[in-house]
Structures are given as structure tokens and as C-alpha cells.
Amino acid sequence: MVWAPEHPRTGNGSYVFEHVLVMEEMLGRLLLPGENVHHRNGVKDDNRPENLELWIRPQPTGIRVSDAIAWAREILVRYSDENLAYKEGGHQAAF
């Protein structure tokens, strides 16, 4: 945890997980609702940028196809508009 009293994620406390701050720095923005940070190697205190991936929560199972398509379009617009890119396995991956 990192002391960050002005960060919107602190709630009643003043600390934010370091991996959240690292990912936000990589993205150049705050994490959006539904986004989280995954540690590629499973080591929760290995917060090197190359070990972090941006993940989103998928829609729940059992949804209408039309709802799934709308959700997929929302994801495409959200991430292609931001021109997000990160290094994955030594090559550039863009969303």
C-alpha cells in the first residue's frame, strides 16, 4: 500500500495498492469502474510494469446476445478511443 490521501480510491483510508498506482501511471489516467490489475506472475508484490496487465470484468453468464454485443461495442469504443498500448511478451499490443 502507498500513502495517497488525495486518490479517489482511498475511501475512508489514505492508502492505495501500489499496483493500481503503477497501472494508472502506465495508462496516464485513473482506473475506470470494472477495471482491475492482474499480476502476470502471480506475485502480488511484484509491481514492475512488465508484470502488470489491465483486466476488465466480463459480463456475467446467461445474458442476451444483444446485451453481449452492446457490451462488446462499449469495450471496443472505450479502449480503441484511448489508443491504449502496452508491451506484452516483448512486442507491442494495442487495444
Side-chain angles (χ1 to χ4, degrees):
M1 300 291 284
V2 175
W3 174 259
E6 302 300 319
H7 196 281
R9 283 183 169 248
T10 60
N12 292 333
S14 296
Y15 292 89
V16 178
F17 285 107
E18 181 181 26
H19 61 273
V20 169
L21 296 174
V22 172
M23 180 57 69
E24 289 177 341
E25 185 175 331
M26 291 167 57
L27 296 172
R29 63 166 175 80
L30 297 173
L31 291 181
L32 300 173
E35 292 180 334
N36 58 53
V37 182
H38 172 72
H39 290 82
R40 295 175 71 154
N41 67 5
V43 178
K44 301 294 184 190
D45 63 350
D46 182 356
N47 296 314
R48 296 172 296 131
E50 60 269 19
N51 187 46
L52 301 178
E53 291 180 326
L54 179 64
W55 280 21
I56 58 170
R57 289 187 203 112
Q59 285 287 349
T61 58
I63 63 172
R64 291 181 210 87
V65 170
S66 60
D67 292 340
I69 291 169
W71 178 77
R73 286 183 177 141
E74 177 185 332
I75 295 302
L76 288 169
V77 168
R78 177 185 293 173
Y79 295 106
S80 63
D81 285 352
E82 291 188 19
N83 235 353
L84 296 179
Y86 69 94
K87 298 222 183 246
E88 181 180 329
H91 65 279
Q92 193 77 5
F95 295 92

Self-check item: Verdict with reasoning, Phe17 to Val37, per side-chain contact (heavy atoms from CB on, under 4.5 Å)
Solution: CA-CA 10 Å; Phe17 285 107; Val37 182; over 6 Å; no

Quiz prompt | For Glu50 against Arg40, the heavy-atom pair lying closest together | solution = O-CD, 3.5 Å

Quiz item: Is Val2 linked to Tyr15 within one hydrophobic cluster, defined over Ile, Leu, Val, Met, Phe, Trp and Tyr using a side-chain heavy-atom separation of less than 4.5 Å?
Solution: yes

Quiz prompt | Separation between CG of Leu21 and CG of Leu31, rounded to the nearest 0.5 Å | solution = 9.0 Å

Quiz item: Shared ILVMFWY cluster between Leu27 and Tyr79, side chains joined below 4.5 angstrom?
Solution: yes

Quiz item: Listed by chain and number, what are the side-chain contact (heavy atoms from CB on, under 4.5 Å) partners of Arg73, not counting sequence neighbours?
Solution: Ile69

Self-check item: Full working for side-chain contact (heavy atoms from CB on, under 4.5 Å) between Leu52 and His39
Solution: CA-CA 5 Å; Leu52 301 178; His39 290 82; 3.5 Å; yes

Practice problem: Show the numbers, then the answer: is there a side-chain contact (heavy atoms from CB on, under 4.5 Å) between Met23 and Glu35? | Solution: CA-CA 11 Å; Met23 180 57 69; Glu35 292 180 334; over 6 Å; no

Exercise. Tell me whether Val16 is reachable from Met1 by hopping between hydrophobic residues (I, L, V, M, F, W, Y) whose side-chain heavy atoms are closer than 4.5 Å.
Key: yes

Quiz item: Given the rule in the side-chain contact (heavy atoms from CB on, under 4.5 Å) test, do Glu18 and Asp45 qualify, once you have shown the distances and angles that lead to the verdict?
Solution: CA-CA 8 Å; Glu18 181 181 26; Asp45 63 350; over 6 Å; no

Self-check item: Side-chain donor-acceptor pair present, His19, Asp46, cut-off under 3.5 Å
Solution: no

Quiz item: Quick one: do Trp3 and Val22 end up in the same hydrophobic cluster if we chain Ile, Leu, Val, Met, Phe, Trp and Tyr together by side-chain heavy atoms under 4.5 Å apart?
Solution: yes

Exercise. Quick one: closest heavy-atom pair of Arg78 and Pro33, and the distance?
Key: NH1-O, 4.0 Å

Quiz prompt | Gap separating the CG atom of Leu54 from the CG atom of Asn36, nearest 0.5 angstrom | solution = 7.5 Å

Quiz item: What is the ring orientation for His38 with Trp55, classed by angle as parallel under 30°, tilted 30 to 60°, or perpendicular over 60°?
Solution: parallel

Quiz item: Has the side chain of Asn51 got a donor or acceptor atom that lies under 3.5 Å from a matching backbone atom of Asn41?
Solution: yes

